[in-house]
Amino acid sequence: MIIVEDLHKRYKTEHGPGKWVLQGVNLTIPRNVNVGLIGANGAGKSTLLSIIGGIDHPNKGRVERRCRLSWPMGQGGLEPTLTGRQNAKFVCRVHGHQEDLADRLAFVLDFSELGEAFDEPVNTYSSGMRSRLQFALSLAFDFDTYISDEVTAAGDAAFRKKAAAAFQAMTNRAGLIMVAHDEGALKQFCQAGIFLYQAKALWFDDIGEAFKAYKDTMPT
Amino acid sequence: MIRNPLSVSFSVWRAIFLREALDRLFDMRGAWFWLLAEPVLHIGFMAFVFSIMRVRTVGNVDVFVWIMVGMLAFFLFRRIAVQVSYAVDCNRPLFTYRQVKPFDPAIARAVLEAFLMAIISTFILGTAALLGHDTFPGDSLLVMQAVFGLWLFGFGYGLVASVLMELVAEMEHVLKILMLPLYLISGVIWPLSAVPHPYRDILMINPIAHGLELVRLGFFPDYHTVSGLSMQYLYAWAVISVFLGLLLYRRFALQLVMR
């Protein structure tokens, strides 16, 4: 379970503090639920994900993480000059898996389907390959909740299907919080939805309802 | 299973250390070669200049070894200072993993640089010994103590510099300009004992000069060193700079990482 309390966030700009990206966000994200985050560009989706993921910090308010949470997939985390394998080794070591390194690497290689590209530098990868690597990397660890920023939905149709199946398979063990611009992908992965609008967050038990609310705010 | 904070830190240090080693040694074609070539060429050039000037000894010791020891000690300081200054900047993608804190790449780089300099120094001193110079330190403990002081000061300098550069962007230029005369005023290529009186005291404010002279004294027990040499002075600078650096990291940890 993740509890977000009265979260406020704004960024520093050239002209002093910017406007509030998130202002008084309260959320309780239960375990084992796949949640989609929707909202217009610049509504604060990625900001909220990185604050939940613990790599950015709110100006006010707090986040309580009562579970093992992945890093926000898709917000960097790969060193471009190193190969996929070297990056994977680094992530395994950071998460304390020095002993079973070989097993985890085998899993990442297998799931990402990178083949020989696994030993090429990451800056030679296409964006789809990058996403596959990041996605496979986070699945290599047993998190309770995974955070994904535009990663799960990237990649081709076949990979997306495989990713969705992987999450379905562990639906009684792990949850997912994801951002994607593609409505189809979100509905494929998620049951619940969070709609970010005017720096506030609204929770919907059904992602269809969240999309309906989103569309109501759009000028026709 | 919840890992305790110390074991998380250790696994992060280990991971960053290995990653940095890879980057430092194999980043570009023959990167490891240039790590070795830089001090070798500097020492070789200065030795050549001194041999043309027919200088055989400095302060009662072999000038060739005198340059070599001073140069290696100075390179140890400078490389650690520079590497640690850019540790946070060069490892920005890694802060995606919330286990990694800004301090982690800094300590990993400082330790890695110490390892590399130990190997490079052993290689250079060993080669010089084979060429017939007496390069075995007379007082190994004194050498270790002084070298550790220089390492610590380089680390502290790097910590402070990296925060300053992050807070005030112009500091990068100022610090780069500072590094160049440091080479000259620390007595790397000419003996500070040859400097006339009022100016020598001014030069001896610089703790690196103390460090270099102490390392040389450790190598040659009968070296005519500068008066007023003090190990405590070097360590005072080192310890204070490290604590100041840690304090700044604690205070500005978020600014260092956040975009």
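The shown structure was predicted, so the numbers you read here are calculated from the model rather than taken from an experiment. Chain identifiers are assigned alphabetically (A, B, ...) following the order of the sequence lines, protein sequences preceding nucleic acid strands; residue numbering begins at 1 within each chain.
The most heavy-atom pairs under 4.5 Å with chain B, out of His97(A), His95(A), Lys89(A), come from His95(A). Residue with the most contacts toward chain A among Leu18(B), Val100(B), Asp23(B): Leu18(B) (heavy-atom pairs, distance under 4.5 Å).
Distance check: Gln134(A) CD to Thr96(B) OG1 gives 8.5 Å after rounding to the nearest 0.5 Å. Rounding to the nearest 0.5 angstrom, the gap separating the CD1 atom in Ile55(A) from the CG atom in Leu94(B) is 11.5 Å. To the nearest 0.5 Å, the span separating CD on Gln86(A) from CZ on Arg19(B) amounts to 9.5 Å. From Arg93(A), atom CZ reaches atom CD1 of Ile16(B) across 12.0 Å, with rounding to the nearest 0.5 Å. Considering CG of Leu22(B) and OG1 of Thr83(A), their distance stands at 8.0 Å, rounded to 0.5 Å.
A donor-acceptor contact shorter than 3.5 Å is absent between the side chain of Tyr97(B) and the backbone of Trp71(A).
Annotation: Lys162(A), atom NZ; neighbour count of heavy atoms from other residues, nucleotides and ligands within 6.0 Å is above 12.
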